[in-house]
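Naming: A, B, ... by sequence-line order, numbering from 1 per chain. Note that the structure is predicted; figures quoted are calculated from it, not measured.
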There are 2 protein chains.
Amino acid sequence: MGGSEAAPDRPGRPLVRKFDQRLNKLIATIYPDERRRPGYSRLAKEISEKTGGTISGTYLWELATGKKRNVTLEQLDVLAEFFGVPPEYFLNDEAAERIDAQLALAVALRDAKVRNLALRAEGLSPASLDALITMVDEARKVQNLSPIDDDDTGTKAPPGGR
Amino acid sequence: MGGSEAAPDRPGRPLVRKFDQRLNKLIATIYPDERRRPGYSRLAKEISEKTGGTISGTYLWELATGKKRNVTLEQLDVLAEFFGVPPEYFLNDEAAERIDAQLALAVALRDAKVRNLALRAEGLSPASLDALITMVDEARKVQNLSPIDDDDTGTKAPPGGR
DNA sequence: CCGCAGCATCCGCTGAAGTGGACAGTGAAC
DNA sequence: GTTCACTGTCCACTTCAGCGGATGCTGCGG
């Protein structure tokens with residue numbers, strides 16, 4: 001694979017220049033596990049279901065790969081709402097970095113709480129654990145996370161702080 | 001003729017809802033004198049010349065009157081650059097209010113004599129400044145200028161303002 | 001082995017973003 | 001009065017944001 005990407009011609013205003021990077025970063029932040037990351041079509045469907053707006057898998061791909069960049073405000077709003085960031089994330093560099101930090105922190109906190117939850121769950125009766133598992137699954141649905149099939153394979157989340 | 005069009009037609013995402021108001025406010029801020037304000041065509045030409053981007057007078061009118069609202073990022077950038085505001089101005093309410101205050105000050109300071117006055121006023125005692133403010137208000141009355149409600153920085157401006 | 005399911009990628013189309021030019025109205029200079 | 005420069009408003013047109021659907025590929029269960 002001759003890795004050298006063709007010099008990406010980056011015409012247009014500076015605002016639009018980094019759109020693909022931002023979008024990919026958001027996707028990677030929400031789905032840290034690359035194997036379980038849904039494809040663009042599925043992702044588009046989840047976005048539509050959660051936000052009530054419409055977006056197509058094809059268009060998501062075009063945005064993520066940089067083939068299209070000049071989004072309209074309506075789509076920007078849909079994307080921002082789904083990923084849980086203010087729309088300025090896509091516009092301003094400083095805002096993007098700051099929000100990135102918040103996102104990373106939120107993910108880290110989530111992990112810590114998950115560990116905490118696991119510690120506290122130890123010793124509960126199987127019936128109680130089953131009830132909790134059901135509740136967690138419902139919560140995952142609400143937060144548009146991929147459902148966990150059976151038992152966790154033990155793949156730990158990479159602590160690589162990036 | 002009797003058809004009173006109050007323009008209650010406001011569909012779409014919340015992001016896009018107030019675009020016309022924001023744009024009109026910006027124009028009114030940059031050109032405070034209504035009589036000397038250039039038309040949309042001329043304004044469009046100035047925008048194109050200053051920012052290097054392209055925008056048409058017709059489109060400006062459509063945006064200002066609310067006939068079109070779903071702008072693309074490229075146009076958003078052009079408008080923001082011309083009016084001297086960050087693009088978030090069109091997206092976020094708080095940012096808009098905050099920037100409005102700065103903008104009014106900047107426009108006031110565009111007048112060299114006003115700037116001079118402000119420089120000289122620095123360091124005066126609050127009592128002296130109050131006296132000067134009263135005098136300026138009286139002068140405004142004499143010259144039939146719209147009165148300034150109150151000038152406090154930091155707190156948000158009263159909503160529903162026009 | 002074969003289907004099936006999901007993936008990235010592309011192609012062609014619809015509709016809306018965005019433009020150019022025409023029209024009528026207004027106030028100032030003549 | 002007429003003319004001019006300018007305006008707001010509209011409409012026909014071009015361009016591209018955005019979408020549906022077809023393609024070939026890979027992995028998985030039968």
Give the rounded distance in Å between these two atoms: [atom1] of [X] and [atom2] of [N].
X	N	atom1	atom2	value
B:L60	C:dG20	CG	C1'	14 Å
A:K68	C:dA17	NZ	C1'	13 Å
B:Y40	C:dG18	OH	C1'	17 Å
B:E74	C:dT19	CD	P	11 Å
A:Y59	C:dC10	OH	P	17 Å
A:R69	C:dA17	CZ	P	20 Å
A:R36	C:dG6	CZ	C1'	16 Å
A:I27	C:dC7	CD1	C1'	14 Å

Closest approach of B:L73 to A:R69 (non-hydrogen atoms, all atoms of both residues):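 Reported closest heavy-atom pair: CD1-O, 4.5 Å.
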
Which nucleotide sits closest to the side chain of A:R42: C:dG6, D:dC19, C:dG18?
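My answer, after comparing the listed nucleotides, is C:dG6.
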
Closest to the A:S56 side chain: C:dT19, D:dT7, D:dC19?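 Of C:dT19, D:dT7, D:dC19, D:dC19 is nearest to the side chain of A:S56.
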
Between B:D20 and B:K67, is there a salt bridge with N-O shorter than 4.0 Å?
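Between B:D20 and B:K67 there is no salt bridge, as every charged N stays at least 4.0 Å from the carboxylate O atoms.
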
Considering only NZ, NE, NH1 and NH2 on the basic side and carboxylate oxygens on the acidic side, decide whether A:K68 and A:E62 come within less than 4.0 Å.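 A salt bridge links A:K68 with A:E62.
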
Review point. Does a distance-only test, which skips hydrogens and angles, find a donor-acceptor pair under 3.5 Å between the side chain of B:S41 and the base of D:dG8?
Key: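 No.
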
Short side-chain N/O contact from [X] to OP1 or OP2 of [N], under 4.0 Å:
X	N	answer
A:W61	C:dT9	yes
A:T65	C:dA8	no
B:T54	C:dT19	yes
B:Q75	C:dT19	yes

Review point. With nearest nucleotides of DNA chain D determined for B:G39 and B:E62 from heavy-atom distances, which residue corresponds to the more 5′ nucleotide?
Key: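 It is B:G39 whose nearest nucleotide is closer to the 5' end.
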
For this session: Hey, could you give me the CZ/CD1 distance between B:F82 and B:I55, rounded to the nearest 0.5 Å?
Result: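 Spacing of CZ (B:F82) from CD1 (B:I55) equals 10.0 Å.
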
| When you look at A:V71 and A:F90, which way does the side chain to side chain contact (heavy atoms under 4.5 Å, CB included) test go after all the steps? | CA-CA 10 Å; A:V71 198; A:F90 294 98; over 6 Å; no

Give one of base, sugar-phosphate or nothing for B:T58, where a contact means two heavy atoms less than 4.0 Å apart.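 Base contact - B:T58 has a heavy atom under 4.0 Å of at least one base atom.
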
